[in-house]
Amino acid sequence: MAVGVFDSGLGGLTVLDAVSRELPDVPFVYFGDNAHAPYGVRDSDDIYRLTTSAVERLWDAGCDLVILACNTASAAALRRMQESWIPPEKRVLGVFVPLIEALTERQWGDNSPPREVAVKHVALFATPATVSSRAFQRELAFRAIGVDVEAQPCGGLVDAIEDGDEILAEALVRSHVEALQRRMPTPEAAILGCTHYPLVQEAFQSALGADVKVYSQADLVAASLQDYLGRHPKMIGSGTESMFLTTGDPQRVSNKATQVLRRKITFQSA
Ligand code: DGL
């Protein structure tokens with residue numbers, strides 16, 4: 001039994017960490033497409049092509065259920081994959097919905113009509129491709145009314161995190177927060193809409209100020225995966241081994257992942 005976790009690079013490790021803590025008996029196969037990161041500057045056909053090829057590799061590793069721990073792939077490719085590409089016995093889930101359910105105070109799978117919610121001014125930080133897809137606003141509109149969303153495409157931030165350049169990453173966070181605050185001076189909540197960004201969450205919180213509630217996805221996705229597997233236990237596939245696969249240089253990616261997760265991680269070539 002194994003569940004696949006996919007990201008363009010290191011960011012999905014934030015989700016992997018949370019899901020493995022929540023579900024310690026489930027083996028997870030992680031796929032980082034580090035050779036092609038960042039996805040956030042690619043067009044949607046390219047993101048679709050790369051994402052489907054990674055998901056196929058995870059199916060080959062015995063995963064019937066794959067979590068796209070990548071907002072960019074969830075925003076740009078997931079709907080198209082669900083419409084025509086995923087075979088009936090497999091599932092691919094994105095990371096948007098658990099976050100939006102938390103923001104709009106909904107229980108898992110509550111599909112009642114959109115209603116007023118407590119937060120009115122929300123800042124969204126995400127990759128350029130996620131922002132231009134407007135997928136977040138679309139999913140939010142199914143659940144809430146009267147929420148003003150100001151989105152900031154955080155160009156350069158995924159590259160800085162992938163390169164391990166903390167100084168540049170923190171400078172970029174400050175400048176993206178300032179750019180957003182020029183358009184929305186006092187957001188009540190901020191969404192880190194890219195799984196790389198929890199790796200610089202403190203920089204976001206300090207630039208935004210203590211009054212802004214910062215939502216990040218890892219724990220929310222973990223809770224919703226636990227709920228999902230409780231209802232669909234057969235979706236834990238036939239794989240039995242946890243593994244870390246990368247399209248990048250396994251040694252280099254292992255070193256960075258070990259730094260990020262603060263435990264020894266060994267990647268192998270996908
Ligand atoms: N972690 C991916 C996300 O959540 C990063 C995308 C990228 O590679 O630009 O959007």
Side-chain angles (χ1 to χ4, degrees), residues 3-20 28-44 46-58 61 63 66-78 92 94-96 125-131 133 153-166 168-170 172-173 176 192-201 203-204 216-218 221 242-270:
V3 171
V5 177
F6 160 77
D7 184 41
S8 61
L10 299 171
L13 292 173
T14 58
V15 173
L16 179 88
D17 203 30
V19 292
S20 355
F28 289 97
V29 181
Y30 186 84
F31 185 110
D33 194 7
N34 303 74
H36 304 110
Y39 278 19
V41 291
R42 294 176 182 273
D43 67 29
S44 51
D46 215 10
I47 296 168
Y48 177 83
R49 185 180 56 77
L50 291 168
T51 306
T52 47
S53 118
V55 170
E56 269 174 348
R57 176 68 185 88
L58 286 166
C63 306
V66 173
I67 311 294
L68 297 188
C70 175
N71 291 267
T72 308
S74 304
L78 182 56
V92 179
V95 282
F96 269 34
F125 297 94
T127 66
T130 299
V131 170
S133 75
C154 298
L157 188 49
V158 166
D159 305 70
I161 294 169
E162 286 282 315
D163 290 344
D165 189 339
E166 281 173 37
L168 176 61
E170 284 173 17
L172 285 168
V173 167
H176 286 304
L192 303 188
C194 168
T195 53
H196 281 69
Y197 300 173
L199 299 171
V200 285
Q201 183 155 345
F204 272 104
S216 77
Q217 289 164 317
V221 171
S242 287
M243 269 189 288
F244 292 86
L245 304 172
T246 179
T247 54
D249 170 12
Q251 188 56 53
R252 188 168 172 271
V253 176
S254 302
N255 291 344
K256 285 197 177 146
T258 298
Q259 264 174 359
V260 165
L261 288 191
R262 296 193 176 92
R263 64 182 163 95
K264 179 116 185 75
I265 303 288
T266 307
F267 272 84
Q268 51 187 279
S269 276

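Since the structure is predicted, the reported quantities are computational estimates derived from the model, not experimental observations.
- Using a 4.5 Å cut-off on side-chain heavy atoms (C-beta onward), H196 and L157 make no contact.
- Within the model, atoms CZ of F204 and NE2 of H176 stand 7.5 Å from one another, a figure rounded to the nearest 0.5 Å.
- Nearest heavy-atom pair, A35 versus T247, reported as atom, atom and distance to 0.1 Å: N-OG1, 3.0 Å.
- Contact annotation: the side chain of D17 never approaches that of R262 to less than 4.5 Å [non-hydrogen atoms, C-beta and beyond].
- Residues I67 and F28 have side chains not in contact (no heavy-atom distance under 4.5 Å, counting atoms from C-beta outward).
- Side chains of L199 and V260 form a contact here, defined as non-hydrogen atoms less than 4.5 Å apart.
- Among all heavy-atom pairs drawn from S74 and G94, the shortest one is OG-CA, 3.6 Å.
- The minimum heavy-atom distance between T72 and A129, with the atom names listed, is CG2-CB, 3.6 Å.
- With contacts defined as side-chain heavy-atom distances shorter than 4.5 Å, the pair T127/Y39 does not qualify.
- When side chains are defined from C-beta on, T266 does not count as touching Q268, because their heavy atoms never get closer than 4.5 Å.
- Annotation for S269 and P250: closest pair OG-CG, 3.5 Å, computed over non-hydrogen atoms.
- The aromatic rings of Y30 and F244 sit tilted, their planes meeting at an angle between 30° and 60°.
- Residue S8 comes nearest to A37 through the heavy atom pair O-CB, 3.3 Å, listed as atom of the first residue, atom of the second, then distance.
- Within the 4.5 Å cutoff, no side-chain heavy atoms of V29 are placed close to those of R57.
- Applying the 6.0 Å contact sphere to CD of E56 captures more than 12 heavy atoms from other residues, nucleotides or ligands.
- A side-chain donor-acceptor contact under 3.5 Å links Q251 and N255.
- In this structure, CG in L16 is found 8.0 Å from OG in S242, a value given to the nearest 0.5 Å.
- The backbone N or O of A69 lies less than 3.5 Å from a partner atom in the side chain of T195, making a donor-acceptor pair.
- Atom CG of L68 and atom CD1 of I47 lie 11.5 Å apart (nearest 0.5 Å).
- For F125 and Y197, the ring centers are positioned 6.0 Å apart or more.
- Among all heavy-atom pairs drawn from V200 and A169, the shortest one is CG1-CB, 4.1 Å.
- Counting only distance, with no hydrogens or angles, the side chain of R42 and the backbone of H36 share a donor-acceptor pair below 3.5 Å.
- The closest donor-acceptor contact from the side chain of T246 to the backbone of G32 lies under 3.5 Å.
- Interatomic distance, F6 CZ to C63 SG, rounded to the nearest 0.5 Å: 13.5 Å.
- For the pair N34 (side chain) and G248 (backbone), a donor-acceptor distance under 3.5 Å is absent.
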Discussion item. Under the criterion side chain to side chain contact (heavy atoms under 4.5 Å, CB included), I'd like the reasoning laid out for T14 against S216: C-alpha separation, chi angles, the key distance, then a yes or no.
Written reply: CA-CA 10 Å; T14 58; S216 77; over 6 Å; no
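- Taken from CG in L245 to CG in L58, the straight-line distance is 6.5 Å, to the nearest 0.5 Å.
- The distance from the SG atom of C70 to the CZ atom of F31 is 12.0 Å, given to the nearest 0.5 Å.
- Between the side chain of T51 and the backbone N or O of Y48 there is no donor-acceptor pair closer than 3.5 Å.
- Looking at E162, its side chain does come within 3.5 Å of a backbone N or O of L10 through a donor-acceptor pair.
- Inter-residue side-chain proximity for V253 and I265 is flagged as unmet; no heavy-atom pair is nearer than 4.5 Å.
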